[in-house]
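Here is the structure we will look at, set down as structure tokens.
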Amino acid sequence: MNKFSVIVASILAIGLVVGAFILGNAYKYKFKSTESINVTGNALKDFNADLVKWRATFSRKDFDLRVASDQLKADQIVVKNFLISQGIKPNEIVFEAVNISKDFQYGTDSNGASISQFTGYNLSQDATIESKELDKIEKASREISNLISQGIELSSSNPNYYYSKLEDLKLELIAQASENAKQRAENIATKSGGNLGKLQKADLGIFQITGKNDNEEYSSGGALNTTSRQKTANITVKASYNSN
């Protein structure tokens with residue numbers, strides 16, 4: 001091999017080594033730049049409802065519509081006076097529109113044909129109470145059945161509990177869940193001998209409100225407990241960070 005051929009071969013060899021080095025570093029850089037840490041941050045908080053809604057229904061039935069209506073009006077006064085006597089403010093009481101329906105009794109005659117017999121007009125009305133004085137409403141809901149002894153046909157639902165500052169609570173928990181996700185990612189990066197990079201992506205989970213210490217299941221659309229006065233709010237944030 002002549003001297004020129006040796007020089008050319010040496011240059012080619014050096015070029016291959018340099019090229020391999022550059023490609024290797026390029027691959028290493030590419031690998032590092034696309035490496036990511038995926039975590040799920042979580043935040044929960046116990047809180048108490050500050051708003052209660054409660055509904056009671058009273059009704060009257062008579063063959064004469066006017067008689068049933070007069071009786072219902074008299075019952076409304078008794079119900080309202082009872083609620084006020086429980087410390088409920090008049091402006092917290094709303095009487096809904098009266099519902100009127102005809103009742104029939106169905107059967108068959110001696111020939112087996114279907115028959116119906118009118119049994120009277122049924123009138124009902126809802127009293128809806130919304131208040132921030134939860135203790136008073138709870139007490140009234142327990143004691144309103146005493147009106148039955150006064151001849152009032154009445155049924156009462158359980159109070160429903162809400163929180164008037166729900167949006168503020170959501171924002172607070174989102175911030176906490178995001179910070180929790182970042183702390184988890186930093187811990188993973190540190191334990192792996194790396195450094196946490198920039199946030200690539202973050203997805204907000206479903207906001208869940210369940211009764212405190214209740215074994216309620218989360219819902220895919222988000223749980224919203226209204227039956228418990230004491231509640232627990234929970235939210236998650238899925239985050240992806242660069243790592244180097």
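These numbers come from the heavy atoms of this one structure, side chains and all, not from hydrogens, waters or symmetry mates. All residue numbers in this chain count up from 1 along the given sequence.
No single ILVMFWY cluster, assembled from side-chain heavy atoms under 4.5 Å apart, contains both V94 and V98. Residues V39 and I206 fall into different hydrophobic clusters, defined by Ile, Leu, Val, Met, Phe, Trp and Tyr side chains chained together at heavy-atom separations under 4.5 Å. Side-chain heavy atoms closer than 4.5 Å link hydrophobic residues (I, L, V, M, F, W, Y) into clusters, and following such links, possibly through other members, connects V52 to F95. L171 and F47 fall into different hydrophobic clusters, defined by Ile, Leu, Val, Met, Phe, Trp and Tyr side-chain heavy atoms under 4.5 Å apart, directly or through other members.
The shortest distance between side-chain heavy atoms of I100 and L65 falls below 4.5 Å. The shortest distance between side-chain heavy atoms of L147 and V78 falls below 4.5 Å. Looking only at side-chain heavy atoms (C-beta outward), Y162 and T226 come within less than 4.5 Å of each other. At least one side-chain heavy atom of I84 sits less than 4.5 Å from a side-chain heavy atom of I93. Side chains of L173 and K45 form a contact here, defined as non-hydrogen atoms less than 4.5 Å apart. Taking 4.5 Å as the limit, some side-chain heavy atom of L204 sits within range of a side-chain heavy atom of I174. With contacts defined as side-chain heavy-atom distances shorter than 4.5 Å, the pair F82/E143 qualifies. Contact of the N244 side chain with the E35 side chain is not registered, since no non-hydrogen atoms from C-beta on lie closer than 4.5 Å.
If you take OG1 on T232 and CG on N213, they are separated by 6.5 Å, rounding to the nearest 0.5 Å. Rounding to the nearest 0.5 Å gives a distance of 11.0 Å between OG of S36 and CG of L199. Atom CD of residue E186 and atom CG of residue N195 lie 10.5 Å apart, to the nearest 0.5 angstrom. I188 CD1 to S243 OG: the interatomic distance, rounded to the nearest 0.5 Å, is 9.5 Å. Going from atom OG of S164 over to atom CG of D50 covers 3.5 Å, rounded to the nearest 0.5 Å. Rounding to the nearest 0.5 angstrom, the gap separating the OG atom in S155 from the CG atom in D126 is 8.0 Å.
Closest of all the heavy-atom pairs between A233 and F207 is CB-CZ, 3.9 Å. Taking all atoms of both residues into account, the shortest heavy-atom contact from V237 to S178 is CG2-OG, 3.9 Å. Among all heavy-atom pairs drawn from L134 and A49, the shortest one is CD2-O, 3.5 Å. Nearest approach of A223 to T210, heavy atoms of both residues: CB-CG2, 4.3 Å. Between A177 and A43 the shortest heavy-atom distance is N-CB, 3.6 Å. Here the closest non-hydrogen pair linking R66 and D64 is N-OD1, 2.9 Å.
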*side chain to side chain contact (heavy atoms under 4.5 Å, CB included) between I209 and L166: does it pass, once the steps are laid out?*
CA-CA 10 Å; I209 295 180; L166 195 58; 3.4 Å; yes
*Decide salt bridge (Lys or Arg N to Asp or Glu O under 4.0 Å) for D168 and K170; before the verdict, give the C-alpha distance in whole Å, the side-chain angles of both, and the deciding distance to 0.1 Å.*
CA-CA 5 Å; D168 293 337; K170 286 182 180 180; over 6 Å; no
*asked:* Checking I152 against Q71 for the side chain to side chain contact (heavy atoms under 4.5 Å, CB included) test, could you report, in this order, the C-alpha distance in whole Å, the side-chain angles of both residues, the deciding distance, and whether it holds?
replied: CA-CA 9 Å; I152 296 178; Q71 291 174 337; over 6 Å; no
_Before you tell me yes or no, could you show the steps for K212 and K231 under side chain to side chain contact (heavy atoms under 4.5 Å, CB included), namely the whole-Å CA-CA distance, both residues' side-chain angles and the distance that decides it to 0.1 Å?_
CA-CA 4 Å; K212 182 180 178 181; K231 307 176 188 291; 5.8 Å; no
*Does the side chain to side chain contact (heavy atoms under 4.5 Å, CB included) test come out yes or no for Y163 and L169, once each step is laid out?*
CA-CA 9 Å; Y163 187 57; L169 178 61; 4.2 Å; yes
*Taking it one step at a time, do K80 and D75 satisfy salt bridge (Lys or Arg N to Asp or Glu O under 4.0 Å)?*
CA-CA 9 Å; K80 184 175 182 178; D75 290 346; over 6 Å; no
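A donor and an acceptor atom, one from each side chain of W54 and S131, are nowhere located under 3.5 Å apart. Side-chain atoms of Q105 and T119 form no donor-acceptor pair, as typed in the model, at a separation below 3.5 Å. No hydrogens or angles considered: a donor-acceptor pair under 3.5 Å links the side chains of S240 and Q200. Side-chain contact, D214 with N225: no donor N or O sits under 3.5 Å from an acceptor N or O. A donor atom on one side chain and an acceptor atom on the other are not found under 3.5 Å apart for S59 and Q125. Side-chain atoms of K136 and Q86 include no donor-acceptor pair closer than 3.5 Å. Between the side chains of T236 and N42, not a single donor N or O lies within less than 3.5 Å of an accepting N or O.
Without hydrogens or angle criteria, N81 side chain to I77 main chain gives a donor-acceptor distance under 3.5 Å. Judged by distance alone, with hydrogens and angles left aside, the side-chain atoms of S192 form no donor-acceptor pair with the main-chain N or O of A189 at under 3.5 Å. Formation of a donor-acceptor pair under 3.5 Å by the D109 side chain with backbone atoms of N111 is found in this model. With hydrogens and angles disregarded, no donor-acceptor distance shorter than 3.5 Å links the side chain of E153 to the backbone of R60. At least one donor-acceptor pair under 3.5 Å links the side chain of E92 to the backbone N or O of K89. Distance alone, capped at 3.5 Å, is enough to place a donor-acceptor pair between the R184 side chain and the T40 backbone. For the pair T190 (side chain) and N187 (backbone), a donor-acceptor distance under 3.5 Å is absent. Here the side chain of E216 pairs a donor or acceptor atom with the backbone of G211 at under 3.5 angstrom.
Seen from the ring of Y241, K182 does not count as a face-on cation partner, given the 6.0 Å and 45° thresholds.
Between F63 and Y121, the ring center distance fails the sub-6.0 Å criterion.
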